[in-house]
There are 2 protein chains.
Amino acid sequence: MPDMEEPRRSEHRPLRKDARENRRKILDAASDAMSELGLSVPMEAIAERAGVGVGTLYRRFPSRAELVEALFEDRMESIVEDAEASLDFEDGWEGFAWFLERIISRQTRDRALGELLMGDAGRGRVAAIRDRLGPLADKIVERAKQAGRLRPDFDTTDLVMVQKMVCAAGAAAGDVKPAVWRRYLTILLDGLTTSRSGPSPQEVGPLSDDELYRTMHSAPGRR
Amino acid sequence: MPDMEEPRRSEHRPLRKDARENRRKILDAASDAMSELGLSVPMEAIAERAGVGVGTLYRRFPSRAELVEALFEDRMESIVEDAEASLDFEDGWEGFAWFLERIISRQTRDRALGELLMGDAGRGRVAAIRDRLGPLADKIVERAKQAGRLRPDFDTTDLVMVQKMVCAAGAAAGDVKPAVWRRYLTILLDGLTTSRSGPSPQEVGPLSDDELYRTMHSAPGRR
DNA sequence: TGATTTCCGGAGGTTAAACCTCCACTTGTC
DNA sequence: GACAAGTGGAGGTTTAACCTCCGGAAATCA
């Protein structure tokens, strides 16, 4: 049996044209679906949005994890960049507030990113990037305190919890009024400064009674 | 066919002794289970905690809704009473803060109560009680503003969102450090006052790094 | 223009988790 | 001790996800 050729797609030969297109469609669909519904959106749903059979999805991405890495490595990296950028602010407090606004904004637009950031990452490259955030967060908090405008009893772990709080508000009302989270971030920041003479102006109004009603009667399951 | 007797348990004759005991065990188990795991805890799990077969559970409470009403009518009523009590405070702001502390404390101890309060109530007596809270909340907010210590841009709908935020923090870290939510309530209240000269003292410290780690790696399903 | 390789779709087998019913047996009560 | 009342949990059902498999379609090659 001569010439028993190598079966592995080693050093990947390029995909066939239709396969390449489908891969793109899958990535786009998965991005949409996960941003909206979270990391554990059914594979079926992704395939459907992509207009592709489940078989195709599994052939291209044998496990959810590969899909997640393909999609979220960049986004996670952007957050690290935000953290670094926030250290360049003249005023540590401004950097702190800017970073918070940034990272929460990203999470409210992208539920899966929030899940990854808040712990759902097992191991892998995405988690590795996330872990680089810890030291940066320490510096951000440190600088804000040195600027004298962040309450001295604030701890870096509080930074995570603050995000959770604002994101909870965002997630609850997100379908009804996507920008309300800013309102609650403003309030929280007013609670985080050392002192102030009056409330910061709100850029976003409260939910109307009707909006609140709809918010309350459309709560998701959990996950 | 003489004396075809009435089959309905009309004007309920008393339950047999063992049945009465089982009913009690079921209610206790359901209370525990729902407080911990939420309204939609599997019926199976309730029966198991009660040390009773599922059959017995379904015979006593044919639907989850009946169980819920039996358990939560009182608790919901207590919240209404808290709201009324908070109106008796000399200072409207104190009443406001007290009520918030109360209602959040109840919800962090009792997940099902939180779900009921935040909308998961379909119709029924429990929902009816909850609806009595709306007008009371308006008064609470009104008085706090009149006292001059609640930021004037605060709306009653914000009251719900604030609860959601603190409860989110509580739920996230609840298994690890049940009292941290107080820390975040303190911060929020500092953001809700009109002005202040410094941060309010914290009664509860931040999560340690290890506690935060555990908090992040034990997130529930959504679900 | 075949011939050949690659890729596609989605029916369908599998597992898991909840649901609720049913009835042979046990227990309480009169 | 007879008989009504109550019990438990096996098991049928549904729902929702998982992932594989293979006949046929599409792209690429010669």
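So that the names make sense, note that chain A is the first sequence line, chain B the second, and so on, each numbered from 1.
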- request: Please work out which residues in residues 29-44 of chain B have a non-hydrogen atom less than 4.0 Å from an atom of DNA chain C and list them by number.
  value: B/Pro42, B/Met43, B/Glu44
Dump every N/O contact between nucleotides 27-30 of chain D and the protein below 3.5 Å, one line per pair.
residue, atom, partner, partner atom, Å
D/dA27, O4', A/Arg16, NE, 3.4
D/dT28, OP1, A/Lys17, N, 3.2

- line: Residue pairs meeting salt bridge (Lys or Arg N to Asp or Glu O under 4.0 Å), one or both in residues 72-81 of chain A, sequence neighbours left out, come to A/Glu73-A/Arg125, A/Arg75-A/Asp110, A/Glu77-A/Arg132
Could you list, one pair per line, each protein nitrogen or oxygen that sits under 3.5 Å from a nitrogen or oxygen of nucleotides 21-25 of chain C, together with the distance?
none

- prompt: Taking atom CG of A/Asn22 and atom OG1 of A/Thr56, what is their separation to the nearest 0.5 Å?
  reply: 6.0 Å
Which side-chain N or O atoms in residues 165-182 of chain B pair as donor and acceptor under 3.5 Å with protein atoms at least two apart or in another chain?
residue, atom, partner, partner atom, Å
B/Lys177, NZ, B/Gly205, O, 3.3
B/Lys177, NZ, B/Pro206, O, 3.1
B/Trp181, NE1, B/Thr108, OG1, 3.4
B/Arg182, NH1, B/Glu101, OE2, 2.6
B/Arg182, NH2, B/Glu101, OE2, 3.3

message: Which residues pass the side chain to side chain contact (heavy atoms under 4.5 Å, CB included) test with B/Glu48, not counting sequence neighbours?
response: none
- request: Inspect the contact between A/Glu115 and A/Arg111 and indicate whether a charged nitrogen and a carboxylate oxygen are less than 4.0 angstrom apart.
  value: yes
Could you write out each protein N or O paired with an N or O of nucleotides 2-4 of chain C at a distance under 3.5 Å?
none

message: Rounded to whole Å, how long is the line connecting atom CG of A/Asn22 with atom P of C/dG10?
response: 12 Å
- prompt: Could you give the CD1-to-P distance, from A/Ile26 to C/dC8, as a whole number of Å?
  reply: 7 Å
field: Any residue meeting salt bridge (Lys or Arg N to Asp or Glu O under 4.0 Å) with B/Glu84, in chain and number order, not counting sequence neighbours
entry: none
message: Once you apply a heavy-atom cut-off of 4.0 Å, does B/Arg23 come out as touching a base, just sugar-phosphate, or nothing?
response: nothing
field: Those residues that, when tested against A/Tyr58, pass ring pair (Phe, Tyr, Trp, His ring centres under 6.0 Å) (two or more places apart)
entry: none
message: Restricting to ring pair (Phe, Tyr, Trp, His ring centres under 6.0 Å), what partner residues turn up for B/Phe99, sequence neighbours left out?
response: none
statement: In short, salt bridge (Lys or Arg N to Asp or Glu O under 4.0 Å) pairs touching residues 35-46 of chain B with sequence neighbours left out are B/Glu36-B/Arg49
- prompt: Atom CG of A/Leu159 and atom CG of A/Asp138: how far apart are they, to the nearest 0.5 Å?
  reply: 9.5 Å
query: Which whole-number value in Å describes the distance from A/Arg60 CZ to C/dG10 C1'?
result: 17 Å
message: Does either side chain, that of A/Ser208 or that of A/Asp210, offer a donor lying less than 3.5 Å from an acceptor on the other one?
response: no
message: Tell me every residue that passes ring pair (Phe, Tyr, Trp, His ring centres under 6.0 Å) with B/Phe154, counting only those two or more places apart in sequence or in another chain.
response: B/Phe96
task: Can you tell me the distance, in whole Å, between the CD atom of B/Glu48 and the P atom of C/dC20?
output: 17 Å
- prompt: Measuring from B/Ser78:OG to B/Ile103:CD1, what's the distance to the nearest 0.5 Å?
  reply: 11.0 Å
